[in-house]
Amino acid sequence: MNTLQLTTAQAIIRYLKNQSVERDGRISPFFAGVWGIFGHGNVAGIGQALLENPDFRYYFSRNEQAQVHLAVAYAKMKNRLGAFACTSSIGPGATNMVTGAALATINRLPVLLLPGDIFARRNVAPVLQQLESETSQDVSVNDCFKPVSRYWDRINRPDQILTSLPEAMRVLTSVANTGAVTIALPQDVQTEAFDYPVDFLEPRIWHIVRQPPDPDLFQRSLEWIRASKTPLIIAGGGVHYSEAYQALSRFARQTSIPVAETQAGKGSLLYDHPQLVGAVGVTGTLIANQLARAADLIIGIGTRYSDFTTASMTAYENPEVRFINLNVAEFDAHKHAALPLVGDAHLVLDAWCDALKDYQVPQNYAEQILQGRSAWDQEVDRLYHLGTTDLPAQSEIIGALNEFLRPQDVIINAAGSAPGDLHKLWRARDHKCYHLEYGYSCMGYEIPGALGIKIAAPEREVYALVGDGTYLMMSSELVTSIQEGYKINIILVDNHGFASIGGLSRSLGNAGFGTSLRMRNPKTGQLDGSFLSLDFAENARGYGAMTFEARNMNEFKLALEEAQTCDRTTVIVVHTNTAYSVPGYESWWDVAVAEVSQIDEVNKARQDYVTKRNKERYFF
Ligand SMILES: Cc1ncc(C[n+]2csc(CCOP(=O)(O)OP(=O)(O)O)c2C)c(N)n1
Ligand SMILES: [Mg+2]
């Protein structure tokens, strides 16, 4: 057997750069490189290996959590056909990645995490940053990754990567099981040499499967669809990952079945598609929520049915409603006692098109869809153009962005009041123009995420809509965007704190307590003093960004135009008026309210809560 003597870390990097994926006859390298921050736990191991392999690019992030966000956004933009690895030192560098790992796994997006770990050779323990245990020497902080990883391993001998890395690749390229993969790398093992089989380091192509459905269940799905008078498709992220856009569009046109979209599924159809009824659920459109309520058949395609999609299980009121779940993951396919069609969305939608040539929704239903769509279009126009002259509404900011961006440009967001507004209001004119991380809804995802998208698709302009709360939590990758020469655009909405959680707090009788950016007030002892005086533009300028500030719509539109001419990252700080919030449209979200309280408003909110919770359903 031909072998090559390498350190564990050198072998890992060589292996990673030789992995490719293939789908529909197209082959591409799987890894675009490694993001990392060096410390003593990886600098002389993985760091040394990266130095020796300049053709496998090392990217230097500011924060380990952010680098995972960045990697995940890249993978999402690539519809999971590409990914990054992330290296960290041991201890805090490693645990900083745990949040990113959870986000990746929840959103079913691939990322390979290579946290440094404590010495496998234990004689020098406890090493700097080691968590000691009295009951085991086989515990480190990296055990925290176990519940948030789809595959987890610790490499205690150099030869273990021979079996571990192929497992990592199997999971990363699995359509049903992908997510965060964590391979913890003890600091000493990274540097130990071993004679690796040359075959192990040869190029390898992983086929991304398109799984056909079970034939019997497929036949039954045809019967269920034919029997349905008021079906509704809910398109989730799976439509993107299967790249089933054309198939879905054709099926919806042919049958006139309306299509609603989850956050991850938005962009499955373009906004002018005649069957698209828009967002569904808590942040849904009026027409989509009305159709969901009355539907006798929900066809979920690539959706996890989060509580935002199901309106906390209150969305489907028809006593006869049943579900067909088309999903690559058996786990999701079985939700809500559905007919579980485990398979690829593209394949099944094509097969439905062929088999259901005789099916059309009833005429009156088709008309309801048309009318609902046109009424919604007017509502969006209204919210885009409220006509403020002073501090604008967030919906106007979104409208101006939607009208300014080219179809292929990307809007990204994850947390705050913007996800709901964007879900309802964004008009998608390109399948990949809308990027919402709403599985984990993690504040801080937006700026690193924007950079990940830009690296995945440099030909597109990327605009991150970022709350002031979110900006304060994680703004540092602005620096990385400048370092790497990738221009991203930040629209920073300054509304003095958490408009979203503040509104939620007030709606539940809690007076917005602790949700605005105010000084501690010596008189009350509370955080109800004057607003913090924050100059976000000054802050971003310090990072090297081009900055603009707007206090009305005219200034905002002007800033957008000026930012477009800049050759590097831009930040537009726009001050808004939260009084003009976008309403909800006949939906509900279960946020538990105190059962007893000394505050009248809380007791009232509780009564309302108990009534609404009664509408939550189980499906057996
Ligand atoms: C990391 C993280 N911490 C806390 C939350 C809970 N949370 C959701 S939205 C929000 C406030 C966001 O404030 P901001 O970014 O200013 O957006 P706005 O609500 O003003 O639109 C918080 C704290 C979260 N989603 N992510
Ligand atoms: Mg805010």
Side-chain angles (χ1 to χ4, degrees), residues 63-66 68-70 72-73 95-104 106-107 148 263 282-283 306-308 383 391-398 401 411-426 436-450 463-478 490-508 510 512-518 527 531-537 539-540 550 571-584 589 591-592:
N63 174 303
E64 294 87 353
Q65 180 186 326
V68 187
H69 293 336
L70 206 151
V72 165
T95 50
N96 267 356
M97 297 202 293
V98 174
T99 297
L103 183 151
I106 288 169
N107 286 286
V148 293
Q263 284 280 18
V282 181
T283 53
S306 84
D307 63 347
F308 262 71
L383 290 159
L391 294 191
Q394 187 160 277
S395 68
E396 293 176 303
I397 300 295
I398 290 171
L401 281 166
I411 187 91
I412 169 176
N413 180 253
S417 56
D421 292 0
L422 286 167
H423 195 208
K424 287 171 209 165
L425 304 181
W426 196 256
L436 244 293
E437 185 286 289
Y438 215 60
Y440 212 36
S441 185
C442 185
M443 288 169 76
Y445 176 83
E446 290 89 344
I447 294 175
Y463 290 79
L465 195 55
V466 176
D468 45 358
T470 291
Y471 183 87
L472 288 172
M473 202 174 274
M474 193 174 286
S475 58
S476 50
E477 296 320 303
L478 282 177
I490 311 302
I491 312 299
L492 199 169
V493 177
D494 186 345
N495 55 19
H496 302 297
F498 302 169
S500 51
I501 304 299
L504 181 64
S505 164
R506 279 184 286 278
S507 77
L508 304 179
N510 291 290
F513 174 70
T515 60
S516 54
L517 294 170
R518 288 177 183 275
L527 290 170
F531 285 123
L532 299 184
S533 108
L534 295 163
D535 189 336
F536 291 109
N539 176 272
V571 176
I572 301 176
V573 180
V574 56
H575 302 264
T576 61
N577 184 345
T578 53
Y580 308 107
S581 59
V582 179
W589 186 32
V591 176

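Counting starts at 1 for both ligands and their atoms, in listed order. Values reported hereafter were calculated over all heavy atoms of this structure, with side chains retained and with hydrogens, waters and symmetry mates removed.
Looking from atom 16 (O) of ligand 1 to the surrounding protein, the closest heavy atom is Asp468 OD1, 2.6 Å. For atom 13 (O) of ligand 1, the nearest protein heavy atom (residue, atom name, distance) is Phe498 CD2, 3.2 Å. The protein heavy-atom contact nearest to atom 18 (P) of ligand 1 is Ala499 N, 3.5 Å. For atom 26 (N) of ligand 1, the closest non-hydrogen atom of the protein is Met443 N, 3.2 Å. Of all protein heavy atoms, the one lying nearest to atom 25 (N) of ligand 1 is Ser441 O, 2.8 Å. In this structure, the protein non-hydrogen atom closest to atom 19 (O) of ligand 1 is Ser500 OG, 2.6 Å.
Look at Thr470 and the Mg ion (ligand 2): no N/O/S atom of the residue is under 2.8 Å from the metal. When distances to the Mg ion (ligand 2) are checked against a cut-off of 2.8 Å, Asp468 contributes an N, O or S atom below that limit.
Nearest approach of Gln65 to Cys442, heavy atoms of both residues: NE2-SG, 3.8 Å.
The OD1 atom of Asn495 and the O atom of Gly497 subtend an angle of 80° at the Mg ion (ligand 2), given to the nearest 10 degrees.
Proximity of a side-chain donor or acceptor of Glu437 to a complementary backbone N or O of Gly439 within less than 3.5 Å is detected. The main-chain N or O of His496 is found under 3.5 Å from a side-chain atom of Asp494 such that the two form a donor-acceptor pair. Between the side chain of Ser306 and the backbone N or O of Phe308, at least one donor-acceptor pair lies under 3.5 Å.
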What do the steps show when you test Leu534 against Asp468 for side chain to side chain contact (heavy atoms under 4.5 Å, CB included), and what is the final call?
CA-CA 10 Å; Leu534 295 163; Asp468 45 358; over 6 Å; no
Evaluate Ile490 against Glu446 for side chain to side chain contact (heavy atoms under 4.5 Å, CB included), listing each step before the verdict.
CA-CA 9 Å; Ile490 311 302; Glu446 290 89 344; over 6 Å; no
Working for side chain to side chain contact (heavy atoms under 4.5 Å, CB included), residues Tyr471 and Ile447
CA-CA 8 Å; Tyr471 183 87; Ile447 294 175; 3.9 Å; yes
Evaluate the criterion side chain to side chain contact (heavy atoms under 4.5 Å, CB included) for residue pair Ile412 and Tyr445; output intermediate values, then yes/no.
CA-CA 9 Å; Ile412 169 176; Tyr445 176 83; 3.7 Å; yes
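Contact annotation: for Asn495 versus ligand 1, heavy atoms closer than 4.0 Å belong to the side chain alone.
For ligand 1 and Gly467, the ligand atoms under 4.0 Å from any heavy atom of the residue are 14 (P), 15 (O), 16 (O), 17 (O). The distance from ligand 1 to the heavy atoms of Gly469 drops below 4.0 Å at these ligand atoms: 14 (P), 15 (O), 16 (O).
Residue Phe513 qualifies as open at atom CZ: its count of foreign heavy atoms under 6.0 Å is 12 or below.
The nearest non-hydrogen atom to atom 21 (O) of ligand 1, considering only Gly444, Gly416, Gly497, Ser417, comes from Ser417.
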